[in-house]
> 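Have a look at the structure that comes next, please.
All chains are named by letter (A, B, ...) in the order of the sequence lines, taking the proteins before the strands, and each is independently numbered beginning at 1. Values below: every heavy atom of this structure, side chains too, minus hydrogens, waters and symmetry copies.
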Protein chains: 2
Amino acid sequence: MSKQTLPMFPAGEGCCAPMAREPLGEDDAAELARMFKALSDPVRLRLLSLIASHEGGEACVCDLTGPFDVSQPTISHHLKVLREAGLVGSERRGTWVYYWAVPAALNRLSGLLQAPVRASVPARSGA
Amino acid sequence: MSKQTLPMFPAGEGCCAPMAREPLGEDDAAELARMFKALSDPVRLRLLSLIASHEGGEACVCDLTGPFDVSQPTISHHLKVLREAGLVGSERRGTWVYYWAVPAALNRLSGLLQAPVRASVPARSGA
DNA sequence: CTCTTGTATCGACACCTGTCGATACAAGGC
DNA sequence: GCCTTGTATCGACAGGTGTCGATACAAGAG
């Protein structure tokens, strides 16, 4: 049962073993790559940070189109990509649609990237 | 390039504020997106985990071509992408070229993705 | 109902990416 | 010197991605 069973985790505690501990399997790598791909665009990264840092933890699309130079359909497209990657959730409430970040997904990626302390390999840093 | 002054950080402590704390600036988003893009491919993700989890913290390219179904030039290409993103370093030692993960880069991304504990937003209803 | 505003989808385009085989370069053994 | 092995680069190709304008859908106001 190495799959995650908890819906949410305390911040700072990843759900999964850091990738530095053991090599990723093909399936895990494929799924994680899809999530990272959603983060691989500057607009999406800013959208996600805008949503996650918005008061109340969620933001209306109307709050998200202003800060960018791209068109409204493009914003909508990027939000869809983030949603399909499982990084944000969304819900229509009356006229507006609200988006929020999914902490479990972010913490999963965060935990995966945590590098271990390697006291035994000091000189390798940098170039 | 080097906005950060510290070359390395203790594992588990990101160098930057989580993106959920404040919106990313355009420049930061562009740089981070480049790093995430390097992680957005299953082969590269497995390569990185293979390198990071390898004994001694580094791996020869000869250790990396075996586990994959893709050709040697493709592996070389992916390693170059990881290196140009600052996620791994490399060095030729004699006949072989060795790669290692860059902990500072991984921890930077890890810290960025840490979701805060939002006790005030438990389910989608209250808000 | 019609009109207006907020959001999503569609179709098209230029550009980027992952992959390969062929080939070049690097280093050591002979 | 030449040959072998390890790694990188090149050139080309199919497929994917970000962007737009046009348009469709959703919901409230009048």
> Apart from A:Val102 itself, what residues make up its hydrophobic cluster when side-chain heavy atoms of I, L, V, M, F, W and Y under 4.5 Å apart count as a link, directly or indirectly?
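Answer for A:Val102: none, a lone residue.
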> Rounding to a whole Å, what distance do you find between A:Gln72:CD and D:dA24:C1'?
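Checked: the CD to C1' distance equals 12 Å.
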> Does B:Thr74 have any side-chain hydrogen bond (donor to acceptor under 3.5 Å, both in side chains) partners at least two apart in sequence or in another chain, and if so, which?
B:Ser71
> Side chains of residues 77-90 of chain A: which donor-acceptor pairs under 3.5 Å do they make with residues two or more places apart or in other chains?
from: A:His78; atom 1: ND1; to: A:Arg44; atom 2: NH1; distance (Å): 3.1
from: A:Arg83; atom 1: NE; to: A:Ser90; atom 2: OG; distance (Å): 3.4

> Measure OH/B:Tyr98 against C1'/C:dA27 and give the value in whole Å, please.
13 Å
> What is the separation between atom CZ on A:Arg83 and atom P on C:dT7, rounded to the nearest whole Å?
13 Å
> Using the side-chain contact (heavy atoms from CB on, under 4.5 Å) criterion, which residues pair with A:Cys60? Sequence neighbours excluded.
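Here the qualifying residues are A:Cys62, A:Asp63, A:Trp96, A:Tyr98.
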> Mind listing the N/O atom pairs, protein and nucleotides 25-30 of chain D, below 3.5 Å?
none

> For A:Tyr99, report the nucleic acid contact type (base, sugar-phosphate, nothing); a contact means any heavy atom under 4.0 Å.
sugar-phosphate
> If we fit an axis to the first five pairs and another to the last five of the helix from C:dC1-D:dG30 to C:dC30-D:dG1, what angle do they make, to the nearest 10°?
10°
> Round to a whole Å and report the spacing from CG of B:Asp63 to C1' of D:dG6.
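Taking CG of B:Asp63 and C1' of D:dG6, I get 12 Å after rounding.
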> For A:Leu45 versus B:Ala29, what's the shortest heavy-atom pair and its separation?
CD2-O, 3.6 Å
> With rounding to the nearest 0.5 Å, note down the distance linking CG in B:Leu112 to CG in A:Leu39.
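Between atom CG of B:Leu112 and atom CG of A:Leu39 there are 9.0 Å.
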> Without swapping roles, check the side chain of A:Arg46 against the backbone of A:Pro67 for a donor-acceptor pair under 3.5 Å.
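Here the side-chain-to-backbone pair exists.
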> Report the distance from atom CZ of B:Phe36 to atom P of D:dG18, rounded to the nearest whole Å.
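Rounded to the whole Å, the gap is 15 Å.
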> Could you tell me whether the side chain of A:Ser110 and the main chain of B:Leu113 form a donor-acceptor pair under 3.5 Å?
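Checking the backbone N and O of B:Leu113 against the side chain of A:Ser110, no donor-acceptor pair under 3.5 Å is found.
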> Detail all sub-3.5 Å separations between protein N/O atoms and N/O atoms belonging to nucleotides 17-19 of chain C.
from: C:dG18; atom 1: OP1; to: B:Arg44; atom 2: NH1; distance (Å): 3.4
from: C:dG18; atom 1: OP1; to: B:Arg44; atom 2: NH2; distance (Å): 2.7
from: C:dG18; atom 1: OP2; to: B:Arg44; atom 2: NH1; distance (Å): 3.3
from: C:dT19; atom 1: OP2; to: B:His78; atom 2: NE2; distance (Å): 2.3

> Between the side chain of A:Arg92 and the main-chain N/O of A:Thr95, is any donor-acceptor distance below 3.5 Å?
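Present.
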> Could you give the CG-to-C1' distance, from A:Leu64 to C:dA8, as a whole number of Å?
14 Å
> With respect to the side chain of A:Cys62, which nucleotide from C:dT7, D:dG6, D:dA8 is positioned closest?
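Per side-chain heavy atoms of A:Cys62, the pick is C:dT7.
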> Partners of A:Ser76 by side-chain hydrogen bond (donor to acceptor under 3.5 Å, both in side chains), sequence neighbours excluded?
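Partners of A:Ser76 by the side-chain hydrogen bond (donor to acceptor under 3.5 Å, both in side chains) criterion come out as none, since no residue qualifies.
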> Once you round it to whole Å, what is the distance between C1' of C:dG6 and CD1 of A:Ile75?
14 Å
> Between atom CD in B:Glu84 and atom P in D:dA8, what is the gap in whole Å?
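Nearest whole value for this atom pair: 12 Å.
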> Would you check if A:Tyr99 and A:Leu47 make a side-chain contact, meaning some heavy-atom pair closer than 4.5 Å?
no
